[in-house]
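The next block holds one structure in the form of C-alpha cells; read it before the comments.
Note that the numbering runs from 1 along the sequence shown for the chain. Note: hydrogens, waters and symmetry copies are ignored here, and every other heavy atom, side chains too, is used.
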Amino acid sequence: MGIDLILGTAGHVDHGKTALIRALTGVDTDRLPEEKRRGITIELGFARLELGEYCLGVVDVPGHERFIRNMLTGATGIDLALLVVGADESVKAQTREHVDILRLLDTRAGVIALTKCDLVEPAWIELVEAEVRALVANSFLRAAPIVRVSSATGAGLDALRIALAEAAASAARSVVPDATAPFRMAIDRAFTVAGHGTVVTGSVASGVCRLGDELVIEPGGVAVRVRGLQNHDRPVAEVHRGQRAAVNLAGVHHDQIRRGQELATPGHLVPSRLLSVEAQVLRHAARGLQHRERLRVHVGTAEVSATVSLPQVSVLAPGERGLIQLLLAEPVVATWRQPLVLRRESPAETLGGGHVLDPGAERIPRNVPAVCAQLAALGDSDPLKRAAAAIYFRGLRCWADADLIRLVGIARPGEIVARLIESGEVLILALSPTRNLRVHREVVETYLQRIEGALMHLHAAEPLAVAVERSRLVARFAGLGDRAIVEALVDLLVARHRVRVLPKGIALASHGPRLTSNEQKLLAELVAAIRQAGLQPPTVAELQAGAKRNRDAVPQLLQLAAGQGHLVDLGGELFVHAEHEARARELLLPDLAGAGLTVSQIKDRLGISRKHAVPLCEYFDRVGFTRREGDLRRLAATPAAV
C-alpha cells in the first residue's frame with residue numbers, strides 16, 4: 001500500500017506552476033473559463049502524481065497577490081511544497097510571501113523548481129539560483145534541491161520527479177498515520193452533481209472516512225451521511241489522512257456549506273470565537289503586532305476577521321514571538337498546534353502566524369503572570385503539563401477525556417487524566433451521588449479563596465453574628481450557574497478546616513464575634529436572665545426594654561449566644577437556656593414515647609404557660625424531636641440529639 005501525501009505548489013504569478021503540474025501529471029488544473037482566458041490560476045486546482053511508493057495529491061495554488069486567500073486555502077495541510085521560480089524573472093513579491101506562508105504553516109519538506117530555463121542563459125540561471133538560496137536560507141527549504149526545468153521542452157522533469165520522491169520520503173518520516181484518530185477534512189469546495197447531490201472536497205488531515213459513516217459539518221453542527229467517496233476522480237471505499245477526497249453527502253444541500261467549514265467525526269471539533277495562540281511576527285513586517293489590532297486570520301480553509309489581545313505586552317515587534325488571543329468575528333474550528341496565518345487588511349501583507357494553543361479558549365486577563373504561565377504550558381512538550389494546563393483553562397466547565405485529543409493532541413487521554421488525579425493536580429468535586437466535576441487544583445483554590453472572601457465580607461457586615469446562613473453565601477455565587485458546584489466547594493472548605501459548620505450556618509475558622517466591653521457585659525446579663533427564667537423566659541422585646549444600654553444589640557447578642565450553644569432559639573422571639581431545653585426533653589421523653597401528649601398536657605408536665613408551651617412544641621417538631629399526629633405529639637422515630 002502506497003504512502004499518501006499532499007503536495008502544494010507555491011510561487012509568483014505567471015512563473016509556470018500550472019504548466020509544470022500539467023507536464024508532470026498530464027492534468028490541466030486550470031478548470032475555470034476565466035482562468036483559461038486570462039492564463040492565470042484563480043481557484044485551486046488538483047491533480048495526482050505517483051512517484052514509486054508515494055502518491056501525491058497535488059494542490060495547485062494561484063500566485064497573484066489578489067488571490068492570496070485562495071493560496072492560503074490550498075496551502076493548508078500540505079506535507080511538502082514545490083516552490084516554483086521563473087528563471088526569466090527570479091524572486092518576486094509573491095515568491096517571498098509564499099515562502100513565508102509555507103513556513104508559518106509548518107511545511108517540513110520541499111523542492112525548488114526553476115522553470116522556463118529554456119528561455120535564459122546558464123549564467124543568468126546561476127544568478128537566479130543564488131538569489132533563491134538567499135531567500136530560503138532561514139526556511140525549511142534551505143537544503144532543498146533546486147532543479148532546472150522547462151515545461152515546454154520537458155528538460156529536467158525526470159530529475160524533478162526524483163527530487164520530489166526524496167522530499168516525499170523526508171515528509172513521510174514526520175507523518176504518523178493513525179486510523180483510530182477522529183476523521184477531519186477542511187472543506188475547500190462544495191458543489192452539486194446531477195443525480196448524486198452535494199459533494200465537498202478537501203485534503204484529509206486525520207483519520208479515516210468510509211462509505212456510510214455519520215459525520216458532522218462544523219461550524220454549524222450539520223449532521224450528514226457519506227454516500228460516496230472519490231480520490232482524484234476514482235470511486236473508493238474509504239479515504240484517509242494525506243489524500244485528496246471528494247465526499248458525496250446525504251442530509252445537506254451544497255448551499256448550506258461554505259469554504260472554511262470542516263467535515264469531521266461527531267464531537268471531535270467544537271466551534272469557538274476565541275483562540276489562544278503562540279504567535280510570531282515576521283522579521284520583515286512593516287510594523288509590529290499591536291494590542292486590539294484588527295487582522296485577517298487564516299486557519300484551515302477559513303478566513304475570518306479578528307481582534308488581537310496581547311496578555312503580556314502592548315506590542316509584538318517584528319521578529320518577536322509571544323502569546324496572543326484572537327477574538328474572531330465568527331466561529332471557527334481548530335485543534336492544538338494547528339498552524340494559522342495572520343494578515344493585515346490594509347495595506348495587505350502577511351504579518352506573521354502561529355500555532356493554536358487553546359482552540360476553545362476563554363478570555364484571560366492581561367498582565368497576570370500565573371495565567372500566562374499556564375497559557376505557555378499549553379505549548380510544553382510534556383503531555384502531562386499540557387493536559388494540566390488545558391484542564392486549568394476549562395475552569396469549572398465539564399469536559400470529557402476525549403476533549404484532550406483536540407485540546408492538547410494527546411492520543412490516550414484517559415491515562416494522562418488518571419495520573420493528574422493521582423498526583424493531586426486535578427481534584428474531583430462530588431456534585432451529586434452520580435455526578436462529579438474534575439477541576440484543576442489552582443482553579444479550585446481560586447474559588448475557595450473567593451468564597452472565603454465573601455464570608456469575610458459577610459462577617460464584617462454583621463460583626464455580632466457568629467455564623468452566616470449557608471444559603472445566603474451560596475446565593476452570592478449564583479453566577480456560576482450550578483449551585484451544586486458552590487456547595488461542593490463549601491464542603492471542601494469544611495473538610496480542610498478552613499470553615500466551621502455551626503447551628504446557625506457557617507463561619508470562617510478564624511472568625512469570632514467582636515464585642516465591646518459593654519456588649520460582653522450585656523451578653524452575660526441576657527444569658528443569666530434567661531437561665532433564671534427557666535422554661536418561661538422573657539421575649540426579645542421584654543429583654544430589650546429591660547436593657548440599660550445597647551438595646552439595639554440585644555437581638556444579635558441573643559443569636560450569638562444561641563450560636564455559641566448557650567441558648568436555644570425557639571422561633572425568633574423566645575430563647576431558652578440550653579440546660580432547660582435539655583431538661584424539658586428528659587421530662588417529656590417517657591410520655592412522648594408512649595401514648596403521646598397534647599399541648600395542654602405538655603404545659604402541665606412542665607409547669608409553664610400556653611404562651612411558652614406552644615413555641616416549645618413547635619420547636620420540638622421543627623428539630624425532629626417530636627412529630628405531630630392531630631392534637632398529639634409523639635416521639636419522632638429518630639429523635640434529634642439532645
request  = Check whether more than 12 heavy atoms from other residues, nucleotides or ligands sit under 6.0 Å from atom CZ of R283, and answer yes or no.
outcome  = no
request  = Using atom types as modelled and distance alone, determine if a side-chain donor or acceptor of T335 lies under 3.5 Å from a backbone N or O of Q338.
outcome  = no
query = Is any NZ, NE, NH1 or NH2 atom of the basic residue among K385 and E425 found under 4.0 Å from an Asp or Glu carboxylate oxygen of the other?
reply = no
key: Pair E415 + R412: basic N to acidic O under 4.0 Å   = yes
message = Go through it in stages, so that I can follow the logic: the residues are R294 and S305, the test is side-chain hydrogen bond (donor to acceptor under 3.5 Å, both in side chains), and I'd like the CA-CA distance, side-chain angles, deciding distance and then a yes or no.
response = CA-CA 7 Å; R294 289 188 63 81; S305 178; 2.4 Å; yes
task = Starting from the C-alpha separation in whole Å, work towards a yes-or-no answer on side-chain contact (heavy atoms from CB on, under 4.5 Å) for C372 and R366.
result = CA-CA 9 Å; C372 290; R366 298 190 71 209; over 6 Å; no
key: Intermediate values then yes/no, salt bridge (charged side-chain N to carboxylate O under 4.0 Å, His left out), E303 and R296   = CA-CA 7 Å; E303 177 192 5; R296 301 297 293 180; 3.4 Å; yes
query = Does the side chain of E487 come within less than 4.5 Å of V474's, by heavy atoms?
reply = yes
ask   = Is the backbone of L80 close enough, under 3.5 Å, to the side chain of T107 for a donor and an acceptor to pair up by distance?
value = no
request  = Kindly compute the distance separating CD (E330) from OG (S272), expressed to the nearest 0.5 Å.
outcome  = 12.5 Å
query = Would you call R386 and D358 a salt bridge, using N to O less than 4.0 angstrom?
reply = no
task = May I ask you to check whether over 12 heavy atoms, not counting those of R397, lie within 6.0 Å of atom CZ?
result = yes
message = With a sphere of 6.0 Å drawn around CD of E422, does it hold more than 12 non-hydrogen atoms of other residues, nucleotides or ligands?
response = no
Backbone N/O of L378 and side chain of W336: donor-acceptor pair under 3.5 Å = yes
ask   = Does some side-chain heavy atom of R406 sit less than 4.5 Å from a side-chain heavy atom of V270?
value = yes
query = Going by an N to O cut-off under 4.0 Å, is there a salt bridge joining E445 and R498?
reply = yes
N/O donor-acceptor pair under 3.5 Å between T350 side chain and G352 backbone = no
H440 side chain vs V426 backbone, donor-acceptor pair below 3.5 Å = no
task = May I ask you to check whether over 12 heavy atoms, not counting those of H457, lie within 6.0 Å of atom NE2?
result = no
key: Beyond-backbone contact of V200 with M185, side-chain heavy atoms, under 4.5 angstrom   = yes
query = Should L340 and V356 be marked as a side-chain contact (heavy atoms from CB on, under 4.5 Å) after you check the CA-CA gap, both sets of side-chain angles, and the distance that decides it?
reply = CA-CA 8 Å; L340 52 77; V356 175; 3.8 Å; yes
query = Heavy-atom distance under 4.5 Å between the side chains of E97 and K92, does that happen here?
reply = no
query = Does any N or O in the side chain of N248 come within less than 3.5 Å of the main-chain N or O of T198, such that one atom is a donor and the other an acceptor?
reply = yes
F46 six-ring centre to R244 NZ/CZ under 6.0 Å and within 45° of normal = yes
message = For E293, is there any backbone N or O sitting under 3.5 Å from a side-chain donor or acceptor partner on Q290?
response = no
Basic-acidic side-chain contact under 4.0 Å: R337, E278 = yes
Rounded distance (nearest 0.5 Å) linking atom CD of Q256 with atom CD1 of I217 = 8.0 Å
ask   = Is the side chain of K17 donor-acceptor paired with the backbone N or O of L82 at a distance under 3.5 Å, no angle test?
value = no
task = Check whether any side-chain N or O of R184 sits under 3.5 Å from a backbone N or O of S206 as a donor-acceptor pair, and report yes or no.
result = no
task = Report the C-alpha distance between V277 and L323 in whole Å, list the side-chain angles of each, state the deciding distance to 0.1 Å, and finish with yes or no for side-chain contact (heavy atoms from CB on, under 4.5 Å).
result = CA-CA 6 Å; V277 174; L323 303 173; over 6 Å; no
request  = Spell out, as yes or no, whether a donor-acceptor pair under 3.5 Å connects the side chain of R241 to the backbone of L5.
outcome  = no
key: Test salt bridge (charged side-chain N to carboxylate O under 4.0 Å, His left out) applied to D482 and R435, step by step   = CA-CA 12 Å; D482 191 338; R435 187 163 68 103; 3.1 Å; yes
